[in-house]
Asker: 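Got a structure for you, questions after.
In this text, all values refer to a predicted model and were calculated from it rather than measured experimentally.
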Amino acid sequence: MLLPVFTLKLRHKISPRMVAIGRYDGIHPCLAAATQAGKVFIHNPHTRSQHSSASRAFQSPLESDVSLLNINQAVSCLTAGVLNPELGYDALLVGTQTNLLAYDVYNNSDLFYREVADGTNAIVLGTLGDISSPLAIVGGNCALQGFDHEGNDLFWTVTGDNVHSLALCDFDGDGKKELLVGSEDFDIRVFKEDEIVAEMTETEVDARHDRTGEVIFKDNFSCAVAGVLEGDYRMDGRTQLICCSVDGEIRGYLPGTAEMTGNLMDTSVEQDLIRELSQKKQNLLLELRNYEENAKAELSPLSEADGPRGAIPASTTLHTALSVSLGRETQPAHVELCISTSNDTIIRAVLIFAEGIFLGESHVVHPSIHSLSGSVRIPVTPPKDVPVDLHLKTFVGYRSSTQFHVFEMTRQLPRFSMYALSSPDSASEPVSYVSFIIAERAQRVVIWLNQNFLLPEDTNIQNAPFQVCFTSLRNGGQLYIKIKLSGEITINTDDIDLAGDIIQSMAAFFAIEDLQVEADFPVYFEELRKVLVKVDEYHSVHQKLSAEMADNSNLIRSLLVRAEDARLMRDMKTMKNRYMELYDLNKDLLNGYKIRCNNHTELLGNLKAVNQAIQRAGRLRVGKPKNQVIAACRDAIRSNNINTLFRIMRVGTASS
């Protein structure tokens with residue numbers, strides 16, 4: 001139970017997720033938040049005399065606890081914390097789509113101002129792994145970048161998609177912090193410095209009581225919540241939970257005592273509790289009535305028309321099977337889940353709960369009364385190559401039953417279930433490949449194949465050398481896996497993501513710590529080469545447009561001065577001509593700005609493709625070779641050495 005202890009109403013709107021608390025003088029906690037007008041306000045309720053300067057647009061209005069910092073760009077992320085431990089106070093970090101500002105609020109000065117080409121969608125401040133210096137880590141266009149207090153780039157790596165959220169925590173309990181990254185592709189990746197140590201898919205996340213799952217406190221705001229923080233905002237030695245709404249309302253809460261819980265509980269919470277208890281009572285009464293009716297049905301005489309009624313035999317079991325279906329004209333290829341009973345009972349309905357497969361994460365199969373039988377076949381089409389747990393609830397009874405027995409079970413869908421075993425055809429064998437050597441017996445590779453693919457029961461894979469061929473149920477692409485006596489494995493596929501997934505799966509199964517590979521994806525690499533050419537073109541256009549805008553700005557100042565001179569000299573004709581020139585120049589500036597925005601959007605799209613290519617090249621390796629490839633690729637791009645970049649992606653090193 002939480003007790004409200006203070007409420008503030010500020011006259012500034014707050015952008016969602018862009019609020020932080022920092023001790024910018026080392027003593028007093030202050031609230032910083034971004035507004036929708038390209039500004040950041042700082043609320044300091046502890047002292048009215050703020051050290052301020054007119055050298056920057058940082059103003060402290062009289063008789064107000066709020067100060068404003070003009071960013072003059074849309075703020076995309078914001079945080080506060082200790083960036084330079086020697087200073088003894090917190091810095092304010094403000095990110096936009098093109099830059100990162102580290103600001104010393106107390107001295108009203110910049111710590112650094114860096115251009116970030118990949119944008120800053122999210123930011124976190126703290127220590128990472130063995131890097132001793134605190135880092136301001138920003139996530140943007142498929143890239144992560146970390147800066148120290150001088151603006152030096154000490155950390156850089158790539159991730160699978162645009163970054164939306166970041167957090168630092170000791171994920172594996174080794175006493176060092178890892179970086180948790182949430183991205184647009186619904187994946188949460190855990191980085192130990194620049195190495196991914198864990199990856200999970202989450203399409204929906206709930207926050208509840210850690211033991212019972214119940215709601216322990218609820219409060220209502222008049223509008224959406226912009227952020228939830230913790231801090232000793234009243235400086236009374238107790239940490240408050242601080243909630244900020246988008247309209248500028250700030251509320252602080254403290255944990256309530258056990259005696260106060262009953263008196264302070266909101267009326268709506270009491271009603272929810274009563275409703276919950278009433279529902280439990282109804283469920284128990286319904287269950288009791290079901291038992292009574294089943295007992296009566298078992299004692300009543302049977303008719304041939306109705307068939308058996310009442311409880312199902314105690315020996316009833318459910319069987320599940322997964323297989324690959326190539327589909328029909330009316331139905332695309334899919335994985336087929338077959339559920340059947342062990343006797344003459346029928347399946348009335350099936351509920352499936354699976355993350356990332358069905359809309360709303362659940363699916364219900366309810367056969368019509370005329371097609372009831374002891375088996376049900378359900379098509380399943382996973383969109384990504386990840387293992388998925390299918391949680392099944394199956395209603396089993398007789399045709400005349402009004403109550404059904406519910407069987408609950410879990411069946412795992414293999415990672416590469418959307419690939420059907422097919423016959424090799426040299427004419428359709430992909431030219432793209434990945435080749436590597438592992439010290440594993442062929443029988444172990446066969447075990448991996450059986451765990452990760454849906455192979456027919458009669459499949460008989462001989463000892464090495466051998467090859468297996470699969471066809472993708474999504475796009476018909478071919479996949480060849482070849483194994484030689486020497487332990488060399490070759491994967492032929494035109495899908496570089498699939499090749500990376502297979503290598504990461506093998507590395508996890510065989511506990512491989514470091515793996516270097518040789519790879520070649522001619523079609524993909526040619527597309528990447530075209531993208532890199534476009535990136536150079538967009539950079540050139542960006543520089544040209546920036547130069548033109550700077551020239552026009554100087555011309556505007558000159559025309560304004562001339563127009564005002566003409567007005568003071570009462571030369572209205574010249575003044576009118578000058579303002580007409582200003583009007584035309586302003587139109588040119590607006591048009592140039594639109595072109596610049598479009599150019600920037602296209603540049604970001606192509607930079608995303610480049611970062612994703614580096615990430616894909618890294619996923620073809622494991623451990624140190626992976627980190628070396630990512631770092632070497634970045635160096636090659638910085639030096640604009642395209643040939644070296646492709647050599648690194650192929651063989652993992654820039655040397656000949």
Side-chain angles (χ1 to χ4, degrees), residues 185-186 201 203-204 318-342 344-399 404 406-407 409-425 427-430 449-450 452-459 468-480 493-495 497-498 501-502:
D185 56 2
F186 305 108
T201 299
T203 57
E204 186 173 325
L318 276 188
H319 303 288
T320 62
L322 290 167
S323 60
V324 175
S325 174
L326 299 180
R328 300 181 295 273
E329 291 184 0
T330 58
Q331 190 176 35
H334 58 271
V335 175
E336 188 170 79
L337 170 65
C338 180
I339 307 174
S340 59
T341 64
S342 60
D344 59 347
T345 54
I346 58 96
I347 297 176
R348 191 66 185 90
V350 179
L351 276 70
I352 307 178
F353 300 91
E355 193 169 18
I357 293 183
F358 307 112
L359 185 64
E361 300 187 0
S362 63
H363 181 62
V364 179
V365 178
H366 201 286
S368 65
I369 194 69
H370 303 293
S371 59
L372 292 176
S373 68
S375 66
V376 173
R377 296 181 180 274
I378 305 168
V380 179
T381 310
K384 299 171 66 176
D385 293 330
V386 293
V388 179
D389 287 331
L390 303 176
H391 303 281
L392 308 175
K393 292 187 177 183
T394 308
F395 293 66
V396 178
Y398 294 107
R399 288 182 179 273
F404 297 89
V406 180
F407 286 85
M409 62 177 61
T410 299
R411 182 68 189 264
Q412 188 178 71
L413 202 61
R415 181 168 188 171
F416 304 106
S417 57
M418 287 293 286
Y419 297 86
L421 188 67
S422 57
S423 300
D425 181 5
S428 61
E429 181 176 340
L449 284 169
N450 278 285
N452 288 275
F453 291 84
L454 288 176
L455 301 178
E457 293 182 359
D458 58 351
T459 302
V468 287
C469 176
F470 297 91
T471 301
S472 171
L473 302 185
R474 299 187 182 99
N475 55 23
Q478 297 294 301
L479 167 65
Y480 283 70
T493 175
D494 290 326
D495 188 343
D497 289 315
L498 173 58
D501 288 340
I502 290 176

Asker: Within a reach of under 6.0 Å around NZ of K393, are more than 12 heavy atoms found that belong to other residues, nucleotides or ligands?
Answerer: no
Asker: Can you give me the closest heavy-atom contact between A354 and L390, atom names plus distance?
Answerer: CB-CD2, 3.6 Å
Asker: Minimum heavy-atom separation for T345 to T341, with atom names?
Answerer: O-OG1, 3.2 Å
Asker: Kindly say whether S373 contributes a backbone atom to a donor-acceptor pair with the side chain of R399 at under 3.5 angstrom?
Answerer: no
Asker: Return the minimal non-hydrogen interatomic distance between L421 and P456, and the atom names on each side.
Answerer: CD2-CD, 4.0 Å
Asker: Would you call V380 and M418 a side-chain contact if the rule is heavy atoms closer than 4.5 Å?
Answerer: no
Asker: Checking D495 now: which residues fulfil salt bridge (Lys or Arg N to Asp or Glu O under 4.0 Å) with it, not counting sequence neighbours?
Answerer: none
Asker: Could you tell me the separation between the CG atom of L455 and the CG atom of N450, rounded to the nearest 0.5 Å?
Answerer: 5.0 Å
Asker: Rounded to the nearest 0.5 Å, how far does NE2 of H391 lie from OG of S362?
Answerer: 12.5 Å
Asker: Check whether any side-chain heavy atom of F404 sits under 4.5 Å from a side-chain heavy atom of T394, and report yes or no.
Answerer: no
Asker: Which class fits the ring pair F453 and F470: parallel under 30°, tilted 30 to 60°, perpendicular over 60°?
Answerer: parallel
Asker: For residues I502 and L479, determine if any side-chain heavy atom of one lies less than 4.5 Å from a side-chain heavy atom of the other.
Answerer: yes
Asker: Considering only heavy atoms from C-beta outward, does the side chain of I357 approach that of L413 to under 4.5 Å?
Answerer: yes
Asker: Report yes if some heavy atom in the side chain of L337 is under 4.5 Å from a heavy atom in the side chain of I352; otherwise report no.
Answerer: yes
Asker: Filter on salt bridge (charged side-chain N to carboxylate O under 4.0 Å, His left out), then keep only pairs touching residues 319-341, sequence neighbours left out; what's left?
Answerer: E336-R377
Asker: Between CG of L473 and OH of Y419, what distance do you get to the nearest 0.5 Å?
Answerer: 9.0 Å
Asker: Between the side chains of Q478 and T471, is a donor N or O closer than 3.5 angstrom to an acceptor N or O?
Answerer: yes
Asker: Within the side chain of K384, is there an N or O that forms a donor-acceptor pair under 3.5 Å with the backbone of G356?
Answerer: no
Asker: Out of curiosity, S375 OG to H319 NE2, how far, rounded to the nearest 0.5 Å?
Answerer: 11.5 Å
Asker: Report yes if the side chains of Q412 and V388 come closer than 4.5 Å at any heavy-atom pair, otherwise no.
Answerer: no
Asker: Between R474 and D385, is there a salt bridge with N-O shorter than 4.0 Å?
Answerer: yes
Asker: Rounded to the nearest 0.5 Å, what separation is found between the NE2 atom of H363 and the CG atom of L392?
Answerer: 11.5 Å
Asker: Is there side-chain contact between P332 and T381, with at least one heavy-atom pair below 4.5 Å?
Answerer: no
Asker: Considering only heavy atoms from C-beta outward, does the side chain of F395 approach that of I347 to under 4.5 Å?
Answerer: no
Asker: When rounded to the nearest 0.5 angstrom, what distance separates CD in E429 from OG1 in T493?
Answerer: 11.0 Å
Asker: Applying side-chain hydrogen bond (donor to acceptor under 3.5 Å, both in side chains), can you list everything that pairs with T320, at least two apart in sequence or on another chain?
Answerer: R411
